[in-house]
**Student:** 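Sharing a structure, written as structure tokens. Questions coming.
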Amino acid sequence: MSENNGTNIEYLSYLDEHGALLQPLPTPLQNRETLTQLYRTLVTSRLFDETIINLQRVGIIGTYASNRGQEAIGTAIGKAMLKDDVFIPYYRDICAQIQRGVQLEEILQYWGGDERGSHFKHQAHDFPLCVPIATQLCHAIGIAFALKYKSTSKVAVVTCGDGATSKGDFYESLNIAGAMSLPTLFIVNNNQWAISVPLAQQTASKTLAHKALAVGIDAIRVDGNDVLGMLISIENALEKIRTNQRPFFIEAITYRICDHTTADDATRYINPALFEEAQHKEPLIRFKNYLTEQHSWTTDEDQQLYAAAQKQINIAVANYKQLPAQPAGEFFDHMYEKIPADLAEQKQRFLLALNHHE
Ligand SMILES: [Mg+2]
């Protein structure tokens, strides 16, 4: 349903929290196989997320940022982008990576501190997950500038959380994208929390989308728990950007029904009633209801899909555990195409010290 919220920024949603359709879907999204594939990514991401948290708890994976409840955003991003577009993700984006063809083993490597996991076998252009807050936005506009300079129709798609929208990098990147008309799609995962800081304490802006309007970039707000609304809005945005070479901004409204990372305990600051309410609105429940009601999705099919996803994850975990450790000192090699002299010296000193200890 589209509605004008009194601010001239459109709000879009197709599935309500119970899975009822609010407006007719475009024909391609009436295809059962297409819908099932989206559901498969949602489920795989959810189960994989739970598995990674368990691996972190037993010391196999490092600090990890869960995306529980926010799977619709990444799934839609991965589905809508063309292969040659460039994805510049932040740390809560494994769903998009999975949908873009990044291997589960590679994702485990990344979170396990092995940088070889960021050299994707099936993705030549996408960037690794960015952990520093908002710096990826600056990278994205540089990439968008290059895409435009080379006269391509490719788009730089960059994501960030609501917390990042309070940073200078965010404002500067939006401003330059608007001023230079760079083919960039900004997608903000507004999950209401920047670690323990609620949105209302971060900004007095009426919505996060208004920050785009201020620099001349068109924006839309979307129900971030509705994978169909997200997919349609991203596809429309990408088509617009390819046509007019102007940036676009999507605020995806969701709720973080998990800790900020495995180093956090959200029960210390999130009201349990709010948390409980948000659990009922998460994306998997409504999408399964929709499939059940409109496409005769059965319990058997659901169980088979869950079992297949878990099997795929178990195989990835087993493969990951068998990978040889990254050679000591190799982490120096990944920052630049060619290692600069000062880092080369540090690497040499590190290896000497290591040999000395052995
Ligand atoms: Mg947040």
Side-chain angles (χ1 to χ4, degrees), residues 45 48-49 52-53 61-78 80-81 85-100 102 106-111 113 115 117-118 120 123 125-144 155-174 177 184-197 199 202-203 208-209 211-212 222 224 230 234 237 247-264 334:
S45 302
F48 193 42
D49 192 78
I52 297 176
I53 291 169
I61 293 289
T63 303
Y64 169 70
S66 169
N67 51 105
R68 189 180 187 85
Q70 299 141 84
E71 296 93 343
I73 302 169
T75 299
I77 292 170
M81 288 177 68
D85 291 330
V86 182
F87 186 41
I88 306 100
Y90 87 121
Y91 50 80
R92 224 179 285 283
D93 272 327
I94 66 166
C95 308
Q97 289 188 309
I98 293 171
Q99 182 73 48
R100 294 273 290 159
V102 175
E106 293 170 330
I107 294 171
L108 290 169
Q109 273 184 293
Y110 173 86
W111 289 103
E115 294 183 68
S118 295
F120 313 127
Q123 260 305 329
H125 311 301
D126 287 1
F127 275 55
L129 299 175
C130 184
V131 171
I133 304 301
T135 55
Q136 74 278 14
L137 294 146
C138 304
H139 307 157
I141 56 161
I143 293 157
V155 178
V157 178
V158 61
T159 54
C160 66
D162 47 286
T165 71
S166 303
K167 299 262 326 226
D169 285 353
F170 171 85
Y171 290 103
E172 291 165 22
S173 300
L174 249 67
T184 321
L185 176 56
F186 298 93
I187 302 175
V188 176
N189 170 346
N190 177 2
N191 65 13
Q192 314 300 324
W193 293 93
I195 310 186
S196 57
V197 180
L199 189 65
Q202 277 189 68
T203 182
L208 299 181
K211 299 186 179 194
V222 184
M230 283 303 307
I234 297 169
F248 196 86
F249 185 101
I250 296 175
E251 178 186 351
I253 300 153
T254 180
Y255 203 91
R256 204 193 73 209
I257 50 169
C258 52
D259 297 330
H260 167 68
T261 67
T262 49
D264 174 45
H334 295 273

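All values below come from the heavy atoms of this structure, side chains included, with hydrogens, waters and symmetry mates left out.
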**Student:** Could you check whether any side-chain heavy atom of I133 comes within less than 4.5 Å of a side-chain heavy atom of Y90, counting everything from C-beta outward?
**Tutor:** no

**Student:** Tell me if a side-chain donor or acceptor on Q70 pairs with a main-chain N or O of R68 at a distance below 3.5 Å.
**Tutor:** yes

**Student:** Return the CD1 to CG distance between I94 and L108, rounded to the nearest 0.5 Å.
**Tutor:** 8.5 Å

**Student:** Distance check, rounded to the nearest 0.5 Å: D93 atom CG versus C130 atom SG?
**Tutor:** 10.5 Å

**Student:** Which heavy-atom pair separates G224 from A72 by the least distance, and what is that distance?
**Tutor:** O-CB, 3.4 Å

**Student:** For A252, what residues pass the side chain to side chain contact (heavy atoms under 4.5 Å, CB included) criterion, not counting sequence neighbours?
**Tutor:** I73, M230

**Student:** Suppose we screen for side-chain hydrogen bond (donor to acceptor under 3.5 Å, both in side chains). Which residues come up paired with S66, at least two apart in sequence or across chains?
**Tutor:** D49

**Student:** So Q109 and I107, do their side chains get closer than 4.5 Å, heavy atoms only?
**Tutor:** no

**Student:** Is there a side-chain contact between I141 and V158, using heavy atoms and a 4.5 Å cut-off?
**Tutor:** no

**Student:** Apply side chain to side chain contact (heavy atoms under 4.5 Å, CB included) to Q192 and N190, showing your working.
**Tutor:** CA-CA 5 Å; Q192 314 300 324; N190 177 2; 3.5 Å; yes

**Student:** T254 side chain to G69 main-chain N or O, any donor-acceptor pair under 3.5 Å?
**Tutor:** yes

**Student:** Any side-chain to backbone donor/acceptor pair from T184 onto P247? Under 3.5 Å, distance only.
**Tutor:** no

**Student:** Kindly indicate, with the supporting measurements, whether the criterion side chain to side chain contact (heavy atoms under 4.5 Å, CB included) is fulfilled by T165 and T203.
**Tutor:** CA-CA 9 Å; T165 71; T203 182; 5.7 Å; no

**Student:** Test of understanding: with salt bridge (Lys or Arg N to Asp or Glu O under 4.0 Å), list the residues that count as partners of R256, not counting sequence neighbours.
**Tutor:** D264

**Student:** Who passes salt bridge (Lys or Arg N to Asp or Glu O under 4.0 Å) against D126, sequence neighbours left out?
**Tutor:** R100

**Student:** Which atom pair, heavy atoms only, marks the closest approach of F249 to A209?
**Tutor:** CE2-CA, 3.6 Å

**Student:** What pairs with H125 under ring-ring contact (aromatic ring centres under 6.0 Å, His included), at least two apart in sequence or on another chain?
**Tutor:** none

**Student:** Return the minimal non-hydrogen interatomic distance between A65 and Y91, and the atom names on each side.
**Tutor:** CB-CD1, 3.5 Å

**Student:** Output all residues satisfying side-chain hydrogen bond (donor to acceptor under 3.5 Å, both in side chains) with Y110, sequence neighbours left out; order by chain, then residue number.
**Tutor:** none

**Student:** Does F127 have any ring-ring contact (aromatic ring centres under 6.0 Å, His included) partners at least two apart in sequence or in another chain, and if so, which?
**Tutor:** none

**Student:** Applying side chain to side chain contact (heavy atoms under 4.5 Å, CB included), run through L199 and L208 and close with a yes or a no.
**Tutor:** CA-CA 10 Å; L199 189 65; L208 299 181; 4.1 Å; yes

**Student:** Would you check if the side chain of E251 reaches a backbone N or O of I187 as a donor-acceptor pair within less than 3.5 Å?
**Tutor:** no

**Student:** Between CG of L129 and CD1 of I88, what distance do you get to the nearest 0.5 Å?
**Tutor:** 12.5 Å

**Student:** Taking all non-hydrogen atoms of both residues, which atom of G163 and which atom of Q202 are closest, and how far apart?
**Tutor:** CA-OE1, 3.2 Å

**Student:** Specify the closest pair of heavy atoms between S45 and E71, including all atoms of both residues, with the distance to one decimal.
**Tutor:** CB-CG, 4.1 Å

**Student:** Applying side chain to side chain contact (heavy atoms under 4.5 Å, CB included), run through K211 and F170 and close with a yes or a no.
**Tutor:** CA-CA 10 Å; K211 299 186 179 194; F170 171 85; 3.8 Å; yes

**Student:** Return the minimal non-hydrogen interatomic distance between Q97 and F120, and the atom names on each side.
**Tutor:** NE2-CZ, 3.7 Å

**Student:** Residues in side-chain hydrogen bond (donor to acceptor under 3.5 Å, both in side chains) with H260, at least two apart?
**Tutor:** R92

**Student:** Going from CD1 on I61 to CD1 on I53, what distance comes out if it is rounded to the nearest 0.5 angstrom?
**Tutor:** 11.5 Å

**Student:** Which residues satisfy the salt bridge (Lys or Arg N to Asp or Glu O under 4.0 Å) test with D162, sequence neighbours excluded?
**Tutor:** none

**Student:** Salt bridge (charged side-chain N to carboxylate O under 4.0 Å, His left out): which pairs involve residues 165-174, sequence neighbours left out?
**Tutor:** none

**Student:** Mind checking side-chain hydrogen bond (donor to acceptor under 3.5 Å, both in side chains) for W193 and listing every partner two or more places apart, or none if nothing turns up?
**Tutor:** Y255

**Student:** Apply side chain to side chain contact (heavy atoms under 4.5 Å, CB included) to A237 and list each qualifying residue two or more places apart in sequence or on a separate chain.
**Tutor:** L185, F248, I250

